[in-house]
Number of protein chains: 2
Amino acid sequence: MKLQGAPRKSFRREGEDKRREDLIAATLECVAERGLAGATVREIALRADVTAGLIRYYFPTKDELIGAAYRAVMDRMTVQASDALKNAENDPRARLSAFVKANLGQPIMDPYNLSLWAGFIALVHADPAMAMAHRDGYLAFRDELEALIREALLAAEKPALPNHTRRHAIAINAIIDGLWLEGCLAGDIFADGELADTGITAIEAVLDISLKAEGGAT
Amino acid sequence: MKLQGAPRKSFRREGEDKRREDLIAATLECVAERGLAGATVREIALRADVTAGLIRYYFPTKDELIGAAYRAVMDRMTVQASDALKNAENDPRARLSAFVKANLGQPIMDPYNLSLWAGFIALVHADPAMAMAHRDGYLAFRDELEALIREALLAAEKPALPNHTRRHAIAINAIIDGLWLEGCLAGDIFADGELADTGITAIEAVLDISLKAEGGAT
DNA sequence: CGAGTATTTATACGCTTGCATAATTAGAGC
DNA sequence: GCTCTAATTATGCAAGCGTATAAATACTCG
């Protein structure tokens with residue numbers, strides 16, 4: 001029984017961009033906290049301080065909202081990693097090192113991000129569109145990495161043949177991804193910065209160059 | 001209106017173990033094909049050729065079934081990798097190599113497994129019980145790996161201090177996980193065995209030993 | 001072969017979900 | 001300040017969900 005008829009919710013009209021961003025942010029909150037299953041239209045609307053119907057006004061279907069949210073996560077991580085490069089020194093080896101450190105530290109290496117990422121990855125197998133979106137993101141990341149590797153090798157006066165840099169990019173990408181995973185899942189069992197150090201040491205071994213000094217190999 | 005009253009489904013009584021296995025297998029099919037969301041009690045029951053009610057007879061709640069399924073996946077991968085060791089030669093370096101190859105080839109490196117794994121990992125953040133289950137699995141895997149590394153180092157007449165082997169285990173675990181991920185997500189853009197080769201080469205570099213020959217380093 | 005029981009089916013309930021659509025209202029433009 | 005429209009709320013629906021529970025049945029043991 002509803003006493004004194006609830007007054008209709010007051011609202012403000014927001015710009016289209018702002019609303020979309022808010023809805024995506026609310027979606028990510030839901031996914032991170034309670035998994036993909038927790039991201040219901042009603043819960044998302046609640047967090048965005050909006051009624052459920054509005055979601056459909058901006059995203060024809062829930063799946064499209066989810067897809068947009070996934071792209072947002074990937075973009076954010078990519079941007080954060082690239083930002084680290086902007087503020088880095090200009091020695092290629094230092095840049096590669098900074099890139100790795102950025103990916104293996106806050107805010108990228110975070111359980112929150114892993115939850116989001118895993119939830120979406122689980123859909124990749126079932127949804128071809130999302131599969132493509134993911135592959136694009138992966139290849140873009142690896143290409144950026146490969147360029148960094150190439151320059152680092154050249155700076156250390158080592159050959160940088162395409163064959164080799166591709167292989168190195170695959171391996172080093174794996175190191176970064178793998179350590180990122182470990183850190184997200186069980187960050188508390190590692191000392192601060194341990195994973196970044198481990199990653200850099202491993203990468204130095206793979207490339208057979210030092211990323212610290214300005215000298216040559218070893 | 002239901003014409004000529006459907007005859008009641010005939011059934012056989014199965015052993016408790018068999019039924020549990022069947023239900024878990026059906027669950028995994030669902031998760032792999034349509035994601036965790038696709039694993040509804042009704043769909044699972046359908047695949048197991050059983051009615052939905054029976055699930056509750058063996059698993060008090062759906063979450064318990066999901067948890068059991070997760071453990072089954074991890075166990076299966078662990079067992080498959082260990083099996084590869086049983087059939088391997090007895091030179092420690094060859095054994096480590098075989099272990100890596102097993103993890104980076106069929107049937108472990110498979111989109112099906114990734115879908116399962118990712119779907120579950122997404123829950124880790126929200127469900128402490130599953131988080132613990134995962135951590136146990138991870139540490140067990142890493143310990144097994146660390147033991148292999150230790151013996152490989154000793155066989156190559158290299159020191160194998162705990163500090164170092166731990167670090168190496170972390171790094172090499174990352175290499176395996178990362179390449180496994182890459183392969184599951186985009187196996188078709190790699191040549192056959194390329195990822196396994198890449199992994200072994202990277203591991204050789206990290207440990208500074210050869211995993212092929214019987215000689216010493218390099 | 002007959003009785004008893006553990007296993008399985010069948011049915012139903014209460015909730016939540018995504019989506020549709022009608023009613024309302026904030027804010028821009030004249 | 002009025003009007004018009006696009007943005008937003010409110011309400012409802014049909015489907016699917018997990019779970020509970022009663023009825024039926026296959027198998028075991030004597």
Side-chain angles (χ1 to χ4, degrees), chain A residues 1-24 26-27 30-31 33-69 119 123 126-127, chain B residues 1-27 30-31 33-69 119 123 126-127 130:
Chain A
M1 72 188 185
K2 191 196 289 179
L3 298 181
Q4 57 186 24
R8 196 181 179 90
K9 179 179 193 287
S10 76
F11 62 91
R12 283 186 49 217
R13 297 185 152 193
E14 294 284 1
E16 174 167 342
D17 290 352
K18 173 78 161 61
R19 270 282 187 262
R20 292 184 105 91
E21 281 173 28
D22 285 353
L23 288 175
I24 288 176
T27 304
C30 291
V31 175
E33 278 185 27
R34 305 182 16 217
L36 256 183
T40 68
V41 286
R42 285 170 176 82
E43 180 69 23
I44 292 168
L46 197 69
R47 305 227 184 194
D49 192 29
V50 143
T51 56
L54 188 62
I55 290 182
R56 228 175 74 80
Y57 185 79
Y58 288 102
F59 299 93
T61 178
K62 190 195 162 188
D63 286 347
E64 304 210 26
L65 170 56
I66 299 290
L123 298 183
D127 181 348
Chain B
M1 73 187 184
K2 191 195 291 178
L3 299 181
Q4 55 186 24
R8 187 174 252 256
K9 180 179 192 286
S10 77
F11 62 91
R12 282 186 49 216
R13 297 184 147 190
E14 294 284 359
E16 174 167 343
D17 291 352
K18 172 79 160 63
R19 268 283 132 83
R20 292 184 105 91
E21 283 173 26
D22 286 352
L23 288 175
I24 288 176
T27 304
C30 291
V31 175
E33 279 186 28
R34 304 182 19 216
L36 256 183
T40 68
V41 285
R42 286 170 175 83
E43 181 69 23
I44 293 168
L46 197 68
R47 304 226 185 195
D49 193 28
V50 144
T51 56
L54 188 63
I55 290 181
R56 231 175 72 80
Y57 185 78
Y58 289 102
F59 299 92
T61 179
K62 190 196 164 187
D63 287 347
E64 304 212 27
L65 170 55
I66 298 291
L123 297 183
D127 181 347
M130 198 153 282

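On a predicted model such as this, the values are computed, not experimentally measured, just so you know. Order of the sequence lines fixes the chain letters, A, B, ..., with proteins taken first and strands second; residue numbering starts at 1 for each chain.
In this structure, A:Ser10 reaches neither bases nor backbone, as no heavy-atom distance under 4.0 Å exists between it and the strands shown. Residue-level contact check: B:Phe59 touches neither bases nor backbone, having no heavy atom under 4.0 Å from any strand.
In the interface, the side chain of B:Arg56 is not paired with the base of D:dT19 through any donor and acceptor atom under 3.5 Å apart. Residue-to-nucleotide contacts include no donor-acceptor pair under 3.5 Å from the side chain of B:Arg42 to the base of D:dG16. The base of D:dT8 does not come close enough to the side chain of A:Arg13 for any donor and acceptor atom to sit less than 3.5 Å apart.
Atom pair A:Leu65:CG and C:dT17:P shows a separation of 15 Å (rounding to whole Å applied). Rounded to an integer number of Å, the gap from CZ of A:Phe11 to P of D:dA10 is 9 Å. To the nearest angstrom, P of C:dT16 lies 12 Å from CD of A:Glu43. Nucleotide C:dC19 holds its P atom 10 Å from the CD1 atom of A:Ile55, rounded to whole Å. The nearest whole Å value for the distance from the NZ atom in B:Lys62 to the P atom in D:dG16 is 15 Å. Between the CD1 atom of B:Ile44 and the C1' atom of D:dC17 there is a distance of 12 Å, given to the nearest Å. The separation between A:Leu46 atom CG and C:dG18 atom P is 14 Å, rounded to whole Å. One atom, CZ of B:Arg8, and another, C1' of D:dA23, lie 6 Å apart when rounded to the nearest Å.
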Show the atom names and distances, to 0.1 Å, of all donor-acceptor pairs under 3.5 Å that link a side chain in residues 58-66 of chain A to residues at least two apart or in another chain.
residue	atom	partner	partner atom	Å
A:Lys62	NZ	A:Ala39	O	3.0

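Of all nucleotides listed (D:dT8, C:dT9, C:dG27), C:dT9 comes nearest to the side chain of B:Val50. Comparing atom distances between the A:Glu14 side chain and each of D:dT8, D:dT9, C:dT9 picks out D:dT8 as nearest.
An OP1 or OP2 oxygen of C:dT7 is reached within less than 4.0 angstrom by no side-chain nitrogen or oxygen of B:Tyr58. For B:Thr61 and D:dT19, the shortest distance from a side-chain N or O to OP1 or OP2 is below 4.0 Å. Within the structure, every side-chain polar atom (N or O) of A:Thr51 is placed at least 4.0 Å from both OP1 and OP2 of D:dA10. The shortest distance between the side-chain N/O atoms of B:Tyr57 and the OP1/OP2 oxygens of C:dT7 is below 4.0 Å.
Across all their heavy atoms, A:Arg19 and A:Glu14 have their closest contact at NH1-CG, 3.1 Å. Closest approach of A:Thr27 and A:Leu23 over heavy atoms only: OG1-O, 2.7 Å.
Residues that satisfy the side chain to side chain donor-acceptor pair (under 3.5 Å) test with B:Glu16, not counting sequence neighbours, are B:Arg20.
Salt-bridge check for B:Lys9 with B:Asp49: passed, with a basic side-chain N closer than 4.0 Å to an acidic carboxylate O.
Residues B:Lys9 and B:Ala52 each lie close to DNA chain D; by heavy-atom proximity, the contact nearer the 5' end of the strand is made by B:Ala52.
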